[in-house]
Amino acid sequence: MPEASLLTIYHRLLDFFGPQRWWPGQTPLEIMVGAVLTQNTAWGNVEKAIANLKGAELLPATAVDAAAQQACLIGLAQTPTPLLAALIRPAGYYNLKAGRLHNLIRRISDHHADLETFLARPTAELRRELLAIKGIGPETADSILLYAAGKPVFVVDAYTHRIFSRHQLLPEEADYHQIQEIFSDALPAEPQLYNEYHALIVRTGKEFCRKSNPRCPTCPLRTLPHAS
DNA sequence: ATCCTGTACC
DNA sequence: GGTACTGGAT
């Protein structure tokens, strides 16, 4: 039997779980904010913080036009950091993340016409600019590129490393860029595929490939080779 | 290697 | 009561 390809594994997960249909937010602005808030944090906590921001009218409560979204961007930029920190408190690391959100939001409001224009820039340039912002690392930048800007960028996270290194499909010591390259080389560059695959990886990591007490016997990937 | 932090789950 | 969480900076 041939070694399972990354695309084969994708289809296996898709068959098992069904489509996840991730669209983590109602507007690109909300997705961007969520990408920062979810750093090393469970999504449920992020949702509470997002609800607070909507209550304060700092995020659109529903899907809206670009102008309304831009008004929220400016509002966030003008909110004092301590107030922003109080609103996002349920997401944890609130002082840290309030600063990071301001770094990101003010970079956009100070240097670009509006959010949509910013997100429409060429992928490589946009990625470089995001990574230059203090508090935006590779995973956060790529989440924004894929989920807010719709670019074909594969998002790597701790689950990706854990699942695929446990199955000896990645070296244990592989870094972010190496992992991303392996997936990008093996998959067609389609945002929809990257979107769904990342969502399926997260689902698998949470339910089966847990950090401790992994549920290998019932895992959809149990037939792949794996260590111990 | 350590710090940042609330929340949910084991 | 401890662990883990869709990380990143120092």
Side-chain angles (χ1 to χ4, degrees), chain A residues 9-10 13-14 17 19-25 28 30-53 55 81-105 107 127-149 151 153-166 170 173-180 183 191 193-218 221:
Chain A
I9 292 173
Y10 167 74
L13 295 175
L14 187 60
F17 290 110
Q20 302 301 294
R21 305 177 194 289
W22 257 23
W23 193 249
E30 181 178 333
I31 293 169
M32 241 182 33
V33 169
V36 172
L37 294 179
T38 199
Q39 292 171 351
N40 202 33
T41 298
W43 185 253
N45 294 352
V46 175
E47 288 182 322
K48 296 175 187 180
I50 299 245
N52 288 345
L53 292 173
T81 309
L83 173 55
L84 187 57
L87 290 167
I88 65 171
R89 192 169 195 279
Y93 306 111
Y94 47 87
N95 288 315
L96 200 54
K97 287 175 179 174
R100 290 177 179 183
L101 280 176
H102 269 155
N103 293 343
L104 171 62
I105 286 157
R107 173 75 211 175
R127 189 172 199 271
R128 272 194 296 277
E129 182 162 357
L130 286 167
L131 288 175
I133 298 167
K134 198 176 291 187
I136 308 297
E139 185 185 338
T140 307
D142 289 341
S143 297
I144 292 170
L145 289 166
L146 178 62
Y147 289 101
K151 310 290 191 184
V153 175
F154 193 87
V155 176
V156 176
D157 64 357
Y159 291 131
T160 314
H161 180 267
R162 192 161 76 214
I163 295 167
F164 291 88
S165 65
R166 279 178 175 173
L170 290 176
E173 68 279 9
D175 66 16
Y176 188 98
H177 180 70
Q178 290 177 295
I179 298 175
Q180 186 176 51
F183 277 84
L193 170 65
Y194 289 179
N195 181 328
E196 187 64 38
Y197 205 166
H198 179 62
L200 288 164
I201 286 171
V202 171
R203 184 85 185 268
T204 306
K206 289 168 83 82
E207 292 188 22
F208 294 98
C209 206
R210 306 186 299 186
K211 190 164 186 177
S212 48
N213 306 316
R215 298 175 173 165
C216 301
T218 53
L221 303 182

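Keep in mind the model is a prediction, meaning the values are calculated, not measured. In what follows, chains carry the letters A, B, and so on, assigned in the order in which the sequence lines appear, proteins first and then strands, with residues in each chain numbered from 1.
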Given C:dT6, C:dG7, B:dT5, the nucleotide with the shortest approach to the side chain of A:Y159: C:dT6

Minimum-distance nucleotide to A:R100 side chain [options: C:dA4, C:dT6, C:dG8]: C:dG8

Length of the NZ-P vector between A:K97 and C:dG7, whole Å: 9 Å

Looking across every strand, which nucleic acid part, if any, lies under 4.0 Å from A:G137 by heavy atom: base, sugar-phosphate, or nothing? sugar-phosphate

What's the CH2-C1' distance between A:W43 and C:dA4, to the nearest Å? 17 Å

Compare side-chain N and O positions of A:S143 against OP1 and OP2 of C:dT6 and report whether any pair is under 4.0 Å apart. no

What are the two closest non-hydrogen atoms of A:Y176 and A:E139, and how far apart are they? OH-CA, 3.7 Å

Expressed in whole Å, how much space separates the C1' atoms belonging to C:dA4 and B:dC4? 15 Å

Show the nearest heavy-atom pair for residues A:I163 and A:L221, with the distance to one decimal. CG2-CD1, 3.9 Å

Just call it for A:I201: base, sugar-phosphate, or nothing, with non-hydrogen atoms closer than 4.0 Å on any strand. nothing

Identify whether any heavy atom of A:G44 sits under 4.0 Å from a base atom; if not, whether one sits that close to sugar-phosphate; answer base, sugar-phosphate or nothing. nothing

Tell me the interatomic distance from A:N45, atom CG, to B:dG6, atom C1', rounded to whole angstroms. 6 Å

Roughly how far apart, to the nearest Å, are B:dC3 and C:dT3 at atom P? 16 Å

Which comes earlier along DNA chain B counting from the 5' end, the contact point of A:Y94 or that of A:R210, where each point is its nearest nucleotide? A:Y94

Which atom names give the shortest non-hydrogen contact between A:I144 and A:A35, and what distance separates them? CG1-CB, 3.9 Å

A:K48 or A:L96: which one's nearest nucleotide on DNA chain B is closer to the 5' end? A:L96

Aromatic rings A:F154 and A:Y197: how do their planes relate, parallel, tilted or perpendicular, breaks at 30° and 60°? perpendicular

If you check every side-chain atom of A:N40, which of C:dT6, C:dG8, B:dT5 has the closest atom? B:dT5

Distance check: side-chain N/O of A:K134 vs OP1/OP2 of C:dA9, anything under 4.0 Å? no

Send over the distance from A:R89 CZ to B:dG6 P, rounded to a whole Å. 5 Å

For the ring-ring contact (aromatic ring centres under 6.0 Å, His included) test, which of A:Y194, A:Y10, A:F164 pairs with A:F183? A:F164

Distance, rounded to the nearest Å, where A:E207 contributes CD and B:dC9 contributes P: 13 Å

Nearest whole Å is fine: how far is C:dT6 C1' from A:Y176 OH? 11 Å

Taking the same atom, P, in C:dG8 and in B:dT7, what whole-Å distance lies between them? 23 Å

Report the distance from atom CG of A:N195 to atom C1' of C:dT6, rounded to the nearest whole Å. 13 Å

CG on A:N195 to CH2 on A:W22, rounded to 0.5 Å: 8.5 Å

Expressed in whole Å, how much space separates the P atoms belonging to C:dT6 and B:dC10? 13 Å

Mind checking A:A35 for me? I need base, sugar-phosphate or nothing, with any heavy atom below 4.0 Å counting as a touch. nothing

Whole-Å gap separating P (C:dC5) and CZ (A:R162): 5 Å

Is A:S212 touching bases, backbone alone, or none of the nucleic acid, heavy atoms closer than 4.0 Å? sugar-phosphate

Where the side chain of A:K211 is concerned, which of C:dT6, C:dC5, C:dG8 is the nearest nucleotide? C:dC5

When you check the phosphate oxygens OP1 and OP2 of B:dT5, does a side-chain N or O of A:N95 lie under 4.0 Å from one of them? yes

When you compare the ring of A:W22 with the six-membered ring of C:dT6's base, are the centres less than 5.5 Å apart and the planes under 30° from each other? yes

